[in-house]
Amino acid sequence: MTQVRPAPNADAARWLLRADVEWWDLVRYGPPGFEVYVRIAFGHGVEGVDSQGEDRAVRVALATLATCTATPSSGYAAIWEGWGGDPPAPEAPRVDIPNREMLLFTGPVDVLSDAPALAWYGAALGYQDPHLVWPEDQAWCLACEVDEEIEFTVGCSVEASQALARALPGAVRRVRYGEPAPMYLDQV
């Protein structure tokens, strides 16, 4: 596995797990407490974004967010253990999120967009996005719920949200933490 490897333990994910946060809000919005939350379109009809290719929105967002942290060479990706199907899930520390048990991996922020395929297959063979991603300094958190097909969320600073809006024009909208949002294309 190049650059993405199992985290040494689950300690880096403890900050996500708070008794006052519903699991559903955590997997859709990340942890509460960031200055700004933005929802970003996966790319369906967004100019310059290929929802299934090299320029997919999560990859562009993580490349942008790598410039918005003091620790771009050290980040974490929590991936739902049921994602890969076959072969079985790799060995990695478990993050006990109710209804979304995840496995924790680490690597440079700029490669974590491919963490699921790298962790399961050892190569970026597909375009499954990671489910929760954050840098070691916790400057932001990207949340990509397994079942959503419209948008994902980033909790971050105002400056990082502005950088995301410049990198993904027309795809970024500001929201309140936990705000209801449609999940499926047939709901819009």
Side-chain angles (χ1 to χ4, degrees), residues 4 15-16 21-69 71-72 75-80 83 97 100 102 105 107-118 124 126-135 137-188:
V4 172
W15 75 293
L16 300 171
V21 176
E22 293 292 323
W23 74 271
W24 183 243
D25 287 335
L26 177 61
V27 297
R28 286 194 89 194
Y29 286 86
F34 286 103
E35 189 176 11
V36 174
Y37 287 84
V38 293
R39 299 274 294 160
I40 301 173
F42 277 114
H44 309 284
V46 176
E47 186 178 327
V49 175
D50 177 0
S51 62
Q52 298 299 311
E54 289 297 311
D55 294 327
R56 65 192 200 282
V58 170
R59 179 174 291 202
V60 173
L62 285 173
T64 302
L65 290 167
T67 69
C68 301
T69 173
T71 58
Y76 296 93
I79 303 165
W80 177 52
W83 167 76
I97 298 172
R100 290 292 186 269
M102 296 197 188
F105 297 89
V109 169
D110 64 349
V111 299
L112 291 177
S113 64
D114 294 318
L118 290 170
Y127 299 111
Q128 173 62 40
D129 295 311
H131 302 112
L132 291 167
V133 179
W134 64 96
D137 68 1
Q138 301 171 1
W140 46 262
C141 184
L142 181 145
C144 192
E145 159 52 22
V146 275
D147 290 329
E148 283 204 56
E149 58 183 39
I150 298 175
E151 299 173 308
F152 60 95
T153 306
V154 176
C156 57
S157 66
V158 169
E159 294 80 16
S161 72
Q162 292 168 342
L164 288 165
R166 285 189 301 274
L168 294 157
V172 179
R173 66 185 182 92
R174 197 165 173 172
V175 296
R176 288 183 328 270
Y177 184 84
E179 178 178 300
M183 289 180 56
Y184 307 109
L185 291 173
D186 62 0
Q187 293 177 333
V188 279

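Values reported hereafter were calculated over all heavy atoms of this structure, with side chains retained and with hydrogens, waters and symmetry mates removed.
Nearest approach of G30 to Y177, heavy atoms of both residues: O-OH, 2.7 Å. When every heavy atom of L164 is checked against every heavy atom of C156, the shortest pair comes out as CD1-SG, 4.5 Å. Of all non-hydrogen atoms in A77 and A115, the two that sit nearest each other are CB-CB, 3.9 Å. Nearest heavy-atom pair across L132 and A143 is CD2-CB, 3.7 Å. Closest heavy-atom contact between G75 and V109: CA-CG2, 4.2 Å.
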F152 vs V58, side-chain contact (heavy atoms from CB on, under 4.5 Å): CA-CA, chis, key distance, verdict: CA-CA 8 Å; F152 60 95; V58 170; 3.6 Å; yes
Intermediate values then yes/no, side-chain contact (heavy atoms from CB on, under 4.5 Å), E179 and R39: CA-CA 10 Å; E179 178 178 300; R39 299 274 294 160; over 6 Å; no
Criterion side-chain contact (heavy atoms from CB on, under 4.5 Å) on W80 and D147, from CA distance to verdict: CA-CA 11 Å; W80 177 52; D147 290 329; over 6 Å; no
Residues L142, D129; criterion side-chain contact (heavy atoms from CB on, under 4.5 Å); working and verdict: CA-CA 11 Å; L142 181 145; D129 295 311; over 6 Å; no
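Within the 3.5 Å criterion, the main-chain N or O of L65 finds a donor-acceptor partner in the side chain of W140. Looking only at distances, a side-chain donor or acceptor of T67 sits under 3.5 Å from a matching main-chain atom of T64. In this structure, T153 contributes its side chain and R28 its backbone to a donor-acceptor pair below 3.5 Å. When atom types are taken as modelled, the side chain of T71 and the backbone of D137 share a donor-acceptor pair closer than 3.5 angstrom. Between the side chain of R174 and the main chain of S161, no donor-acceptor pair closer than 3.5 Å is present.
Once rounded to the nearest 0.5 Å, the distance linking CG of L16 with CH2 of W23 reads 15.0 Å. Rounding to the nearest 0.5 angstrom, the gap separating the CD1 atom in I79 from the CD atom in Q128 is 8.5 Å. The CZ atom of F105 sits 11.0 Å away from atom CG of L112, with the distance rounded to the nearest 0.5 Å. Atoms CG and OG, on L62 and S113 in that order, are 6.0 Å from each other to the nearest 0.5 Å.
Put simply, the side chain of L26 reaches to within 4.5 Å of the side chain of P31, judged on heavy atoms. Under the 4.5 Å side-chain criterion, counting only non-hydrogen atoms from C-beta, C68 is not in contact with S157.
Under the 30°/60° scheme for interplanar angles, the aromatic rings of Y29 and Y37 are found to stand perpendicular.
In the displayed structure, E22 atom CD is contacted under 6.0 Å by at most 12 heavy atoms of other residues, nucleotides or ligands.
The side chain to side chain contact (heavy atoms under 4.5 Å, CB included) test with V27 is passed by exactly one of E148, H131, E145: E145.
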